[in-house]
Undergrad: 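I have a structure here, written as structure tokens, and I will follow up with some questions on it.
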Amino acid sequence: MAKNVLTLDILLSKELEYLIEIGQFVEGDRLPSERKLAEHFGVQRGTVRSALQIMLDKGLIVSKERAGYFVAPRRIDFNLDVYNSRKVVIEQMGKPTYVKLLTFEKVYVSESMAQKTGLVVDSQVYRIMRLRYASGSPVGLERTHIRCDLAPGLSESDVHNKSIYETLRRKHQIYIARSEGKVTAVYANGLESELLHLKVSRPLMRYEALVYDRKDRLIEYFDDILLKDKVQFISDEVKA
């Protein structure tokens with residue numbers, strides 16, 4: 001039976017990760033050079049380089065040409081078990097956030113959407129596409145669908161750089177209670193790469209969910225595209 005061996009580069013990456021966790025290095029800090037890290041930990045520079053690559057792959061640090069390695073901005077935690085608005089989640093982390101409205105239109109529910117949501121074919125939903133920013137950088141493309149029958153009169157001004165859920169509470173007494181969602185790995189297409197300033201085919205995350213209110217009515221179906229280095233998903237469930 002194969003054993004998991006903790007090689008020096010893995011151990012070093014874990015030590016550096018621990019130093020970030022305890023605040024010895026904070027967001028935006030430049031890490032010591034490969035030479036200084038090798039001297040401090042008593043290892044070869046090749047081991048340091050491999051450890052740094054492990055941390056790059058995890059999104060813990062970023063590399064800047066001719067400048068070195070820096071502690072990456074903390075990723076946004078979306079909890080799959082406790083649903084809240086994107087705006088609230090990001091602001092709770094102390095990051096300023098805003099959205100740029102791209103499209104707002106009424107569309108008819110297609111057969112494929114009806115199969116995903118249980119909505120009636122040819123009923124109407126508001127289709128809203130927005131770019132979500134956190135700390136001035138894009139984190140994802142939000143594609144939201146709100147039932148027209150439950151939110152009549154919804155307008156562009158209600159969703160332009162505003163919380164849709166706050167609008168639903170204020171104008172329609174709709175209170176969001178829960179969601180059912182899933183996360184899958186996808187690759188950026190042409191439109192997504194242009195809007196998010198990425199290379200085509202870059203790995204991304206797709207977050208789809210059905211959102212229900214306190215009366216257990218389906219209110220929203222969304223299909224978001226999120227940057228892997230800006231967002232991560234967590235769960236409160238403890239698996240045996």
Side-chain angles (χ1 to χ4, degrees), residues 1-82 84 86 88-98 132-140 183-188 192-193 196-207 225-240:
M1 182 181 293
K3 294 183 179 179
N4 292 323
V5 179
L6 291 178
T7 55
L8 278 178
D9 56 347
I10 295 175
L11 289 170
L12 179 55
S13 70
K14 289 182 177 295
E15 180 64 19
L16 292 172
E17 184 175 347
Y18 172 71
L19 294 177
I20 293 173
E21 288 177 357
I22 65 174
Q24 185 162 331
F25 297 113
V26 299
E27 182 177 319
D29 277 357
R30 183 181 184 277
L31 295 181
S33 67
E34 290 182 4
R35 179 181 60 80
K36 289 183 178 180
L37 288 172
E39 291 175 354
H40 179 77
F41 289 101
V43 296
Q44 298 294 320
R45 288 185 63 175
T47 300
V48 172
R49 195 170 298 117
S50 180
L52 292 172
Q53 185 60 53
I54 291 171
M55 298 181 72
L56 282 169
D57 293 341
K58 288 184 175 181
L60 297 172
I61 60 174
V62 294
S63 175
K64 298 182 181 180
E65 190 174 358
R66 297 190 180 89
Y69 297 94
F70 295 80
V71 178
R74 182 184 169 195
R75 286 188 289 180
I76 299 161
D77 292 334
F78 285 113
N79 194 323
L80 291 172
D81 301 319
V82 182
N84 212 332
R86 294 77 144 178
V88 168
V89 171
I90 296 171
E91 288 180 342
Q92 285 177 343
M93 295 184 65
K95 296 177 179 287
T97 181
Y98 65 93
R132 170 69 62 181
Y133 291 80
S135 299
S137 299
V139 297
V183 180
T184 54
V186 295
Y187 295 94
E192 293 160 357
S193 64
L196 296 170
H197 309 298
L198 308 170
K199 292 182 179 179
V200 175
S201 298
R202 175 171 168 177
L204 299 168
M205 290 186 293
R206 183 179 185 179
Y207 181 23
I225 297 296
L226 302 167
L227 298 177
K228 292 179 65 176
D229 59 340
K230 299 291 181 68
V231 171
Q232 64 183 353
F233 290 88
I234 60 175
S235 174
D236 292 332
E237 292 184 1
V238 178
K239 297 182 179 180

Undergrad: Given Tyr69, which partner from the list Pro32, Ser33, Ser63 fulfils the side-chain contact (heavy atoms from CB on, under 4.5 Å) test?
TA: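 Of the listed options, the one satisfying the test is Ser63.
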Undergrad: Indicate the atoms forming the closest heavy-atom contact of Ala67 with Arg30, along with that distance.
TA: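 Result for this residue pair: O-NE, 2.6 Å.
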Undergrad: Which residues pass the side-chain contact (heavy atoms from CB on, under 4.5 Å) test with Ile225, not counting sequence neighbours?
TA: Leu141, Arg143, Val186, Glu192, Leu196, Leu204, Arg206
Undergrad: Which residue pairs pass the side-chain hydrogen bond (donor to acceptor under 3.5 Å, both in side chains) test with at least one member in residues 13-26, sequence neighbours excluded?
TA: Glu17-Lys58
Undergrad: Side-chain contact test, heavy atoms from C-beta onward, threshold under 4.5 Å: evaluate it for Leu80 versus Phe78 and give yes or no.
TA: no
Undergrad: Ignoring hydrogens, what is the shortest heavy-atom contact between Ile76 and Ala134? Give both atom names and the distance.
TA: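 Reported closest heavy-atom pair: CD1-CB, 4.0 Å.
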Undergrad: In residues 44-57, what donor-acceptor pairs under 3.5 Å come from side-chain atoms, sequence neighbours left out?
TA:
unit_1, atom_1, unit_2, atom_2, d
Arg49, NE, Glu34, OE1, 3.3
Arg49, NH2, Glu34, OE1, 3.0
Ser50, OG, Asp9, OD2, 2.6
Gln53, NE2, Asp57, OD1, 3.0

Undergrad: Quick one: side-chain hydrogen bond (donor to acceptor under 3.5 Å, both in side chains) partners of Glu27, sequence neighbours excluded?
TA: none
Undergrad: Tell me the closest heavy-atom pair linking Asn84 and Val88, and the distance in Å.
TA: ND2-CG1, 3.5 Å
Undergrad: Do Ser137 and Lys230 have side chains that get closer than 4.5 Å, going by heavy atoms?
TA: yes
Undergrad: Run the side-chain contact (heavy atoms from CB on, under 4.5 Å) test on Leu16 and Leu37 for me, step by step, so that the C-alpha distance in whole Å, both residues' side-chain angles and the decisive distance to 0.1 Å come before the verdict.
TA: CA-CA 10 Å; Leu16 292 172; Leu37 288 172; 4.1 Å; yes
Undergrad: Quick one: which residue pairs count as a salt bridge (charged side-chain N to carboxylate O under 4.0 Å, His left out) with a foot in residues 61-76, not counting sequence neighbours?
TA: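 Pairs touching residues 61-76 that pass the test: Arg74-Asp77.
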Undergrad: Among all residues two or more places apart in sequence or in another chain, which pass the side-chain contact (heavy atoms from CB on, under 4.5 Å) test with Val71?
TA: Ile20, Phe25, Asp29, Leu31
Undergrad: Can you name the residues that form a ring-ring contact (aromatic ring centres under 6.0 Å, His included) with Tyr133, not counting sequence neighbours?
TA: Tyr98
Undergrad: Which residues pass the side-chain contact (heavy atoms from CB on, under 4.5 Å) test with Ser201, sequence neighbours left out?
TA: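 With neighbours one apart ignored, the set is empty.
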Undergrad: Identify the heavy atoms of Lys228 and Pro203 that sit nearest to each other, and give their distance.
TA: CD-O, 3.7 Å
Undergrad: Under 4.5 Å between any side-chain heavy atoms of Leu227 and Leu198, yes or no?
TA: yes
Undergrad: Between Ile90 and Arg132, is there a side-chain heavy-atom distance shorter than 4.5 Å?
TA: yes
Undergrad: Go through the structure and list residues passing side-chain contact (heavy atoms from CB on, under 4.5 Å) with Ser135, not counting sequence neighbours.
TA: Lys95, Pro96
